Amino acid sequence: MPTFYVTTPIYYVNDRPHIGHCYTTLLADVIARFHRLKGDDVLMLTGTDEHAEKVITRATEAGVTPQEWADRNAQAFREAFEFMGFSQDDFVRTSEDRHKTRASGYIQKLVDSGDIYLGDYEGWYDPGQEEYVTESVAKAHDYTSPVSGKPLEKRNEKNYFFRLSAFEERLRTYIEDHPRFVLPEARRNEVLGRLRQGLQDVPVSRAVRDADGADWGIRMPNDPDHRVYVWIEALCNYLTVVDTDDRRKYWPASIHLLAKDILWFHAVVWPAMLMALDEPLPGCVYAHAYFVAEGRKMSKSLGNFIEIDQLRAYGDRFSVDAVRWYLATQGPLGSTDADFAHSNFVEVYNAELANGLGNCASRVVNMIHKYFDGELPEARDATVHAGVDWPSLTGGHVEQAEVCFSRADLHGAGHQGLAIVTAIDGYINTTEPFRLAKRIEGPDDPGRGDLALILFNCAEALRIAAMLLLPFMPSKAAAVLEMLGASAPGDGGLNEHAKWRGPQGLKPGTPVAKGPGLFMRAEADEPAPTA
RNA sequence: GGCGAGGUAGCUCAGCUGGUCUAGAGCGCUGGAUUCAUAACCCGGAGGUCGAGGGUUCGAGUCCCUCCCUCGCCA
């Protein structure tokens with residue numbers, strides 16, 4: 001069984017879960033669910049990044065230990081992800097021993113190999129924030145603090161450095177030879193562009209100044225006076241979690257999903273570390289762009305972050321699956337940002353979910369009830385009917401969905417399922433079963449066979465559409481399958497699940513349930529739900 | 001400043017190596033038809049001098065030059 005390992009970044013535990021965290025994790029979830037449907041042995045990983053110094057600060061302010069603070073906030077992420085219906089196989093926290101001990105081991109290995117060494121760091125220090133700012137940030141603010149506006153100080157300190165520069169050539173060659181290693185392409189260009197300008201070694205540790213929170217974070221294994229920078233140990237999570245006997249099979253990760261702000265670490269620093277550790281590189285580093293809110297960039301100063309509570313409000317009003325569908329298919333998978341706009345949400349909801357999938361399911365089920373007493377009719381085996389070759393039409397969309405997924409094209413993949421729905425609608429309109437039903441005079445009327453065939457075909461096609469939509473809307477697609485009396489996908493893989501009249505195909509005689517509408521149409525001008 | 005991406009219908013975008021592009025799709029808008037269905041589905045229509053100007057060519061959204069604008073990245 002092929003393995004498939006998909007990761008999200010681990011999220012800064014001081015954050016409150018918002019649309020950004022949910023979006024990246026949703027992508028991972030949809031992809032993971034698709035691969036499980038395919039029959040792959042999947043590991044989906046998400047988690048929290050907990051060792052930042054500000055965690056100590058916030059914990060102290062709250063009067064609790066860093067661990068207690070982190071526990072509390074990690075729980076908020078878990079709850080948000082549960083609400084979103086995410087199916088992560090593991091949730092890693094960097095404060096866990098399994099992470100700390102192995103990450104520490106990797107650092108030691110790099111020290112031993114000489115890829116990490118003690119050197120001098122010089123940079124712009126912001127005394128108010130107690131942190132260094134990058135040259136470009138310093139320059140952008142005219143060498144004053146971006147927070148307080150007070151002048152920055154040039155400071156020196158002893159740090160351990162990772163010998164990133166040594167990997168410049170290998171990295172460039174690797175990325176050039178593997179066009180799908182960094183995606184989307186615009187991001188790959190950025191990385192290659194920066195690589196051409198040369199690489200400098202990067203600091204990976206900082207001297208511990210005082211006893212506060214002394215047991216928080218990971219110490220340099222060879223020098224306990226230094227604490228490993230969070231970002232570098234955080235990257236290690238992808239490996240620490242699978243560096244066990246039973247999980248080694250998952251490495252290298254198939255795809256690391258992340259937002260564009262942390263591309264550099266994932267596309268350059270992390271691969272270089274893996275090279276230094278003699279580990280194979282992940283298949284793909286995919287950096288998506290951001291969601292903006294109603295056309296405006298989300299920011300703390302505007303206070304317009306779409307937080308989990310607002311997504312909950314949308315979920316309560318339109319269903320969680322509608323939120324998942326909107327985010328996954330309308331999201332910023334490319335290099336440019338996408339807009340979470342209420343009017344757009346309602347448009348997509350109505351057009352694709354209510355008028356599309358929901359309405360189609362409703363008309364098919366309704367006719368089976370009306371004309372066959374709610375029992376799926378026996379149909380002759382004529383799969384090409386009224387100019388529609390159902391096995392190849394549905395098979396084609398299944399195949400296309402697989403292609404789309406292999407490119408992380410969730411918009412395209414999702415629309416394969418909808419395309420089948422559109423085909424069903426068109427088929428109903430051309431064959432007009434509702435008219436046929438009126439012409440039928442008795443149980444022996446030969447038209448009855450056609451009517452049965454039409455409705456069976458509709459139901460079977462709908463089943464396959466639902467199968468393809470399952471990764472996007474696990475509960476709504478499952479509801480469609482249940483309505484049709486189809487079995488939930490078991491073992492066997494997508495080719496079996498989605499095969500026309502295959503092993504999991506609908507069985508004549510099965511009762512078809514007339515449930516409540518899947519997605520009821522919304523008013524275009526109804527106000528946005530609020531948290 | 002350096003590197004990169006892009007400006008095509010109201011919106012989101014397809015249009016690869018120049019000629020089925022007298023410019024496409026989806027959504028939105030609008031007219032019609034229909035009734036199995038969630039005022040839905042189906043059919044039709046309006047809407048663009050393809051950022052501006054110049055050039056190459058028998059022919060350019062597609063190639064070249066100049067300019068304008070937007071966006072991304074710079075550890």
Side-chain angles (χ1 to χ4, degrees), chain A residues 121 123 132-140 161-162 164-165 168 182 184-204 229 231-232 259-269 272 287-290 292 295 297 329-339 341 343-372 411-412 415 418-419 421-438 451 454-455 458 514-524:
Chain A
Y121 178 79
Y132 284 88
V133 301
T134 65
E135 179 64 32
S136 53
V137 169
K139 197 174 172 186
F161 282 76
F162 172 56
L164 184 61
S165 59
E168 185 180 321
V182 180
E185 206 179 322
R187 301 265 101 92
R188 176 172 181 262
N189 290 343
E190 284 175 11
V191 170
L192 282 172
R194 278 176 68 182
L195 277 175
R196 267 182 246 114
Q197 290 163 30
L199 289 178
Q200 286 172 25
D201 294 348
V202 289
V204 297
Y229 266 142
W231 61 263
I232 201 154
K260 58 187 178 180
D261 55 331
I262 49 175
L263 173 64
W264 185 251
F265 292 126
H266 285 80
V268 174
V269 180
H288 64 73
Y290 298 139
V292 300
K297 200 175 162 76
T329 63
Q330 305 294 314
L333 261 178
S335 58
T336 52
D337 295 345
D339 195 7
S343 62
N344 190 233
F345 182 98
V346 173
E347 269 181 26
V348 171
Y349 174 84
N350 277 341
E352 299 180 344
L353 302 181
N355 299 348
L357 180 60
N359 180 245
C360 182
S362 166
R363 67 198 300 210
V364 168
V365 167
N366 193 63
M367 282 192 280
I368 292 173
H369 266 263
K370 238 176 179 154
Y371 310 138
F372 292 96
H411 180 268
H415 284 268
L418 279 195
V421 169
T422 302
I424 297 169
D425 277 331
Y427 179 65
I428 293 174
N429 284 327
T430 51
T431 56
E432 298 182 316
F434 41 89
R435 276 199 178 170
L436 186 55
K438 282 175 190 158
L451 187 59
I454 292 166
L455 293 182
C458 288
K514 210 172 170 180
L518 284 173
F519 300 101
M520 295 317 290
R521 205 182 146 76
E523 290 305 317

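All values derive from a computational prediction rather than experimental measurement. In what follows, chains carry the letters A, B, and so on, assigned in the order in which the sequence lines appear, proteins first and then strands, with residues in each chain numbered from 1.
Distance, A:Glu352 CD to B:G28 C1': 13 Å, rounded to whole Å. Protein atom CZ of A:Arg435 is 13 Å distant from nucleotide atom P of B:A33, rounded to whole Å. Remark: P of B:A5 and CG of A:Leu192 are 11 Å apart, rounded to the nearest angstrom. Look at CG on A:Asp425: it is 19 Å from P on B:U34, rounded to the nearest Å. Counting to the nearest Å, the P atom of B:G4 and the CD atom of A:Gln197 are 10 Å from each other. Between the CD atom of A:Glu347 and the C1' atom of B:C29 there is a distance of 10 Å, given to the nearest Å. Per the geometry, CG belonging to A:Leu353 stands 16 Å off C1' belonging to B:A37, to the nearest Å.
You'll find the side chain of A:Pro433 reaches within 4.5 Å of the side chain of A:Ile428, heavy atoms only.
Residue A:Arg196 has its side chain nearest to B:C3 when only B:G28, B:A75, B:C3 are considered. Side-chain proximity of A:Asn429 to B:G28, B:C42, B:A37: nearest is B:C42. The side chain of A:Asn355 approaches B:U38 more closely than any other nucleotide in the set B:U38, B:C36, B:C42. Candidate nucleotides B:A40, B:C42, B:U34 were compared by shortest atom distance to the side chain of A:Asn359, and B:A40 ranks first. For A:Trp264, the side-chain atoms get nearest to B:A75 when compared with the rest of B:C3, B:A75, B:C36.
B:A40 makes up no base pair with any nucleotide shown, lacking Watson-Crick or G-U wobble contacts both under 3.5 Å.
Side chain of A:Ser362 to main chain of A:Gly358: no donor-acceptor pair is present (N/O by atom type, distance under 3.5 Å, no hydrogens or angles).
Taking atom P on both B:U20 and B:G24, the two are 10 Å apart, rounded to the nearest angstrom.
Cation-pi geometry between A:Lys260 and A:Tyr290 is met: under 6.0 angstrom from the ring centre, within 45 degrees of the axis.
Dashed line: the shortest gap from a side-chain N or O of A:Lys438 to OP1 or OP2 of B:U35 is not under 4.0 Å.
Base orientation of B:G47: syn, the glycosidic angle falling within 90° of 0.
Interatomic distance, A:Leu451 CG to A:Arg435 CZ, rounded to the nearest 0.5 Å: 14.5 Å.
Residue-level contact check: A:Phe519 touches the bases, meaning some heavy atom is under 4.0 Å from a base atom.
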